[in-house]
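Inspection log for the structure reproduced underneath, given as structure tokens.
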Number of protein chains: 2
Amino acid sequence: MSLRHAVLGLLADRPASGYDLMKRFETSLSHAWPATQSQVYGELGKLAKAGMLEVAAEGPRGRKEYAITDEGRAELRQWLTEAPPETVRRSDALLRVFFLDHLTPLEAVAYLTGEAERAAHRHRHLEEVNDRIEWDDDALSVNGRLAMEYGLRFTAMREEWARWAAEQISASGGR
Amino acid sequence: MSLRHAVLGLLADRPASGYDLMKRFETSLSHAWPATQSQVYGELGKLAKAGMLEVAAEGPRGRKEYAITDEGRAELRQWLTEAPPETVRRSDALLRVFFLDHLTPLEAVAYLTGEAERAAHRHRHLEEVNDRIEWDDDALSVNGRLAMEYGLRFTAMREEWARWAAEQISASGGR
DNA sequence: TTTACCATGTAAGGCGTTACATGATTTA
DNA sequence: TAAATCATGTAACGCCTTACATGGTAAA
């Protein structure tokens, strides 16, 4: 149920239209909480109905600019501070690991090497983005840097694990 | 659409009933691909209808034991080797990071410290399980060890990141 | 005989994805 | 005036969660 909080969080900075929000979902939030246009417009309607948002202004082409209400801010704060233990995660990649014995050792090693390369690729991509961004000292930049660092550490860990795992298979499968 | 592959993967080892599978979902797969009883029985029906499974035996209490067919094995292999890039991940925890500036620095640090502690707790839990299990040299154990190592590395990374992030906030918020 | 465990299913409702549908305004 | 961009919505379908519903068998 976090789409709701993603929308509230974005609107807590400044008012925006559904169209504006989509751009932010596609950039900053794309790796944390992706959302489609369908979902965003739907959620805006629900949140407005629930009194957590209001239409602050209407513009050309039917543009509706939404602003967060006090009620919405309260909900956002409550979510942030109450910190319910994160929901269980599904991992396609980890699931495969459990079934690697249904492949030949060679195939399994190829899969794990591929995983390592995908992680490495993603890591390099993040580094490039990181180098290009000019981080300020403002609050948004501080948060952005934290998220970036998480991504960098995650992809690095992932690559190292996959290379290690490939070696394990090579070692036990080579007997 | 990986529930299907999780079921096929489990049945590729040996035939089992929906009830049997549920136990395996709750233990080994619970952190990779959780599934409910509702889902499992539903998926078994679909897979049987699609010819990827067959009812190999019927037992007391209406027990139906499913076995994977050649078609099912082909599907499993194809999924394992074709390795479509993993689906995007949603992370409740990472999403919060983007909105930490809507809390006071003290509250944000408290949140991150909590995250670190949750990760540390999970890490210790995995270590205990790891110590208790007697790993063999068979295929299942090899896979299980790979998954375990992933969990250990992931939780360790997560704790370190959260402690680092808390320090960043302390440093920039303390000005 | 009661309790625990084995065993399978259906229904309702929410979330997420993809595709469809429509049109106004700005820019080249 | 044609193309790009802005802008909002609906519909269908599948997956996931929660709750409900039912009953047989084995062990204490």
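These numbers were taken from a predicted model, which means no experiment stands behind them. Convention: sequence-line order gives letters A, B, ...; per-chain numbering from 1.
- Considering all non-hydrogen atoms of both residues, R145(A) and D136(A) come closest at NH2-O, 3.3 Å.
- Chain B approaches DNA chain D over the interval dC15(D) to dT25(D), counting the first and last nucleotide 5' to 3' with an atom under 4.0 Å from its heavy atoms.
- Between L100(B) and V142(A) there is no side-chain heavy-atom pair separated by less than 4.5 Å.
- Of the two residues contacting DNA chain C, namely A35(A) and E65(B), the nearest-nucleotide position lying further toward the 5' end is that of E65(B).
- Atom-to-atom, CE of M1(B) to C1' of dG16(C) comes out at 16 Å; the value is rounded to the nearest Å.
- Between R163(A) and E159(A) there is a salt bridge, since a side-chain N of the basic residue sits under 4.0 Å from a carboxylate O of the acidic one.
- Both tests hold for R153(B) against W164(A): distance to the six-membered ring centre under 6.0 Å, angle to the ring axis within 45°.
- Among residues two or more places apart in sequence or in another chain, the salt bridge (charged side-chain N to carboxylate O under 4.0 Å, His left out) test is passed with E107(A) by R77(B).
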Can you pull every protein N or O that's under 3.5 Å from an N or O on nucleotides 21-26 of chain C?
{"unit_1": "dT25(C)", "atom_1": "O4'", "unit_2": "R61(A)", "atom_2": "NH1", "d": "3.4"}

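- For the atom pair N130(A) CG and W135(A) CH2, the distance stands at 6.0 Å (nearest 0.5 Å).
- Where R63(A) and S38(A) each meet DNA chain D at their nearest nucleotide, the meeting point lying more 5' is that of R63(A).
- DNA chain C is contacted by S17(B), G18(B), Y19(B) of residues 2-22 of chain B, taking any non-hydrogen atom closer than 4.0 Å.
- Applying the salt bridge (charged side-chain N to carboxylate O under 4.0 Å, His left out) rule to R73(A) yields no partners; only residues at least two apart in sequence or on another chain are considered.
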| said: The test is side-chain hydrogen bond (donor to acceptor under 3.5 Å, both in side chains); show your working for E43(B) and Q39(B) and say whether it passes. | reply: CA-CA 6 Å; E43(B) 194 63 40; Q39(B) 275 184 289; over 6 Å; no

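- Judged as a salt bridge (charged side-chain N to carboxylate O under 4.0 Å, His left out), and not counting sequence neighbours, the contacts of D20(B) are R63(B).
- No contact: K23(B) has no heavy atom under 4.0 Å from any strand.
- Between the P atom of dG16(C) and the OH atom of Y41(A) lies a distance of 18 Å, rounded to the nearest Å.
- Between K46(A) and dG14(C) there is no side-chain N or O to OP1 or OP2 distance below 4.0 Å.
- Between F98(B) and A147(A), the shortest heavy-atom contact is CZ-CB, 3.6 Å.
- Atom pair E26(B):CD and dC6(C):P shows a separation of 11 Å (rounding to whole Å applied).
- Here the P atom of nucleotide dG16(C) and the CG atom of L29(A) are 13 Å apart, to the nearest Å.
- We find that CZ of R90(A) is positioned 13 Å from C1' of dG16(C), with the value rounded to whole Å.
- Side-chain N/O atoms of T36(A) and base N/O atoms of dT18(C) include no donor-acceptor pair closer than 3.5 Å.
- In this structure the side chain of N143(B) never reaches within 4.5 angstrom of the side chain of F99(A), judged on heavy atoms.
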